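Scroll down for the structure; my scribbles are underneath it.
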Number of protein chains: 2
Amino acid sequence: MNKAVSRRPESPQPQTMVQSVIADVLRHIHERQLKVGDTVPSEGEFGQQLGVSRTVMREAFKALAAMNIIEVHAGRKARVKAFDSTLMALTLSHGLHTEQLTVQQLWDVRRSMEMRTVVLACMHRSEAVAAALLELTERMRATHNDVAAMTEHDIAFHEEIAKATRNPLFPVLVSSLTQAMRETNPIVWRSRTRSEEQLKVVDWHRDIAEAIRDQDPGRAMEAMSLHFDEALRGLVLSGFN
Amino acid sequence: MNKAVSRRPESPQPQTMVQSVIADVLRHIHERQLKVGDTVPSEGEFGQQLGVSRTVMREAFKALAAMNIIEVHAGRKARVKAFDSTLMALTLSHGLHTEQLTVQQLWDVRRSMEMRTVVLACMHRSEAVAAALLELTERMRATHNDVAAMTEHDIAFHEEIAKATRNPLFPVLVSSLTQAMRETNPIVWRSRTRSEEQLKVVDWHRDIAEAIRDQDPGRAMEAMSLHFDEALRGLVLSGFN
DNA sequence: AATCCCAAACCTATAATACAGGTTGACACA
DNA sequence: TGTGTCAACCTGTATTATAGGTTTGGGATT
C-alpha cells in the first residue's frame, strides 16, 4: 500500500501544451457548431495549425476520446461523439473503489433521480414501454435464482424508465448510477435466501410497472419509494455503508 | 459545417494497446486498493511491466488524467485523483453545444436533484452553513445589477446546499449542473429589466435559505420548487428550449 | 544524532523519425 | 453504372533525443 502523501505545499502547475491543445480542439468544435458525427481535423492538420508535435496532438486526442468528446479510429478522422453513460459509470465505480463515496450515498442520489424519472415515465410512456416494463419484471421473476441474470433485467428496468422520460440526460445518469448493482446485488442476494424474499423484490418492480402502465404518478412514487427503502435495508444488512 | 456521415456499416474496432493499458492501470489501482493521493507506478515501470512503448503509456496516462482517475505532474509520479465536478461539467457543456440536450432538460435534472439536496440540507446543516446561505443571498442582492457577479453567488448558493447534504456525490453533480448558468443567466437577465424582477430572484433564494436555517423541509421544498418554476419560465421567455 | 546540502537518479513534457496497417476518394475498366 | 485498384491520407506503435522538475541518498556540518 503506497503512502506517498506529499508533505510540501504543491507548487502551481504550468499549463501543459497537451492541456492547451485539448482546449483548442474543444473551442474548434464549439465555434464551428459541430454536431455528433461531424469530423474534426486530423492530428496532422491540427498539429500544423497549432504548431505542436504529433506527440502532443495524439496525447490530446486520447484525452478527448477518454472524455467522450471525440471518437478516434485507425485510418479515419476523429469525429464528435455522442455522450453516454460509460464515463460517469467508470468515475462512480472508481469513486467507490477508492472510498471517495459509499454505496449508500450513491443510492441516495439514485433515489432522488428515480423519484423524478418514474413520474415523468407515467406522463410520457408509450404502450411499448409499459409492456416492456411488465415484461422485464416477468423476466426478473423467472431468473430470481440467478442473481447475475436478474440484475441485468433489474438494470434494464430502471434504464427503461429513464428512457421513457424523453430527456436524454436521465438515461445517462440512471445508467451510470445503476451499474454498481452488478457488484452489490450478488452480495445482497446472499442475505435473501428464501424464495419469498427474492420474489418480494420482483413484486416491488411489478408495482412500479403497473403504476406506470396506469399512468398514476402518486402510486408510482410510493412504489419506487418502498423499493428504495427496502433496497437500502438490504444493503445495510449486507454490510454496505 | 461538416456533414461526413458515414454511409458504410462500421466495422467492429479492435482494442488498441492504449485502451488495454488504461484498463490495466485501473485494475492496478483497484486491486491494490489505492486511495486518493497514493502514487501509481511511473510510465517507465508500467511500460516495462506491460511490455509497451513509452508512447502508449503516455497516451494512456493522458486519457486517465482526462478522466480524473489520476493526476500527472512533471517530475513526479502520477497519483490517484479525487473526483470533482470539472469532467461532468465539461461533458454537459459539450452536450449543450452539440445539441445533444437542451437547457430545459438540464434544468429538469437539476430540479429533481435539488429537491433532494434542499431536504438533506435542512437535516444536516451546520450553523455556519445556514449563515453562509443567508450571506450569499445578501451578496446576490448587492450585485443584482451585475449579472456575472450575481451568477457566481447564485452558483455558490446551490453548491453550498449540496455540500450540506454530507454526501460527496451531490456537490459534484450539482456543481456540474449549475455551471451552465454562466451562459444562460446573462441572456435570461436581459429579460428581467426591472429591478423588482431581479430582486424577486433574490427573494426566492432568501426564502430557501430561511427554510434551511429553520430546518423546515416542507417550506424548503416549496421555495425550491417555486424557484425552479420561475427559473424555467425565465428560460422559456429568453428562448431557451 | 539531527539537519542541511548537493548531485545523481528518476520523473514527466515535448520533438522528431520510422514503420505498420486501416480508410477514403479518384480513376480506369467491364 | 458498378467494381477494383492505387495513391494519399489517416491513426497506432516504437525508438531516440533533449529539456526541465522532483525525489532520494550520501556526505558534511552542527
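Every chain is numbered from 1, with letters handed out A, B, ... down the list of sequences. Quick caveat: nothing in here was measured; it's all calculated off a predicted structure.
Across all non-hydrogen atoms, the minimal contact from A:Leu34 to B:Thr98 is O-CG2, 3.3 Å. B:Pro168 and B:Val172 make their closest contact through O-CG2, 3.5 Å (heavy atoms, listed as atom of the first residue, atom of the second, distance).
Separating the CZ atom of A:Arg79 from the P atom of D:dC10 is a distance of 14 Å, rounded to the nearest angstrom. Protein atom NE2 of A:His73 is 11 Å distant from nucleotide atom C1' of D:dT11, rounded to whole Å. In this structure, B:Met57 atom CE and C:dT14 atom P are separated by 17 Å, rounded to whole Å. Distance A:Glu43 CD to D:dT13 C1': 12 Å, rounded to the nearest Å. If you measure from atom CD of B:Glu59 to atom P of D:dG12, you get 7 Å, rounded to the nearest angstrom. The CD-P distance, from A:Gln19 to C:dA13, rounds to 8 Å in whole Å. Rounded to whole Å, the distance from CZ on B:Arg76 to C1' on D:dT24 is 14 Å. Here D:dA14 presents its P atom at 11 Å from CG of B:Leu50, a figure rounded to the nearest Å.
Ranking D:dT11, C:dT14, C:dC11 by closeness to the A:Met17 side chain, first place goes to C:dT14. In this structure, of C:dA15, C:dA13, C:dG22, it is C:dG22 that holds the atom nearest to the side chain of A:Ala74. The listed nucleotides are C:dG22, C:dT12, C:dA15; the one nearest the side chain of B:Phe61 is C:dT12. The side chain of B:Val18 sits closest to D:dT13 out of C:dT24, D:dT13, C:dT12. Distances from the side chain of A:Val72 to the nucleotides C:dT14, D:dG12, C:dT12 place D:dG12 closest. Side chain of A:Ser53, nearest nucleotide from D:dT13, C:dT14, C:dT24: C:dT14.
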Pairwise N/O distances under 3.5 Å, protein to nucleotides 4-6 of chain C:
none

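Within the 4.0 angstrom heavy-atom criterion, only backbone atoms of the sugar-phosphate kind lie near A:Glu45; the bases stay farther away.
When only modelled atom types and interatomic distance are considered, B:Asp84 and B:Thr86 share a side-chain donor-acceptor pair under 3.5 Å.
When each of B:Thr16 and B:Arg54 is assigned the nucleotide of DNA chain D with its nearest heavy atom, B:Thr16 is the one assigned upstream, toward the 5' end. Each of A:Gln15 and B:Gly75 lies near DNA chain C, and the nucleotide nearest B:Gly75 is the one positioned closer to the 5' end.
The aromatic rings of B:His30 and A:His94 are tilted relative to each other, their planes meeting at an angle between 30° and 60°.
A close approach under 4.0 Å does not occur between any side-chain nitrogen or oxygen of B:Lys62 and OP1 or OP2 of C:dT12. Checking the phosphate oxygens (OP1, OP2) of D:dT11, no side-chain nitrogen or oxygen of A:Arg58 falls inside 4.0 Å.
Around atom CD of B:Gln48, no more than 12 heavy atoms belonging to other residues, nucleotides or ligands sit under 6.0 Å away.
The pair A:Glu71-A:Lys81 does not count as a salt bridge, with every side-chain nitrogen at least 4.0 angstrom from each carboxylate oxygen. Classification of A:Arg182 and A:Glu152 as a salt-bridged pair holds, one side-chain N sitting under 4.0 Å from a carboxylate O. Ion pairing of A:Lys163 with A:Glu159 is absent here, as no side-chain N (NZ or NE/NH1/NH2) approaches a carboxylate O to less than 4.0 Å.
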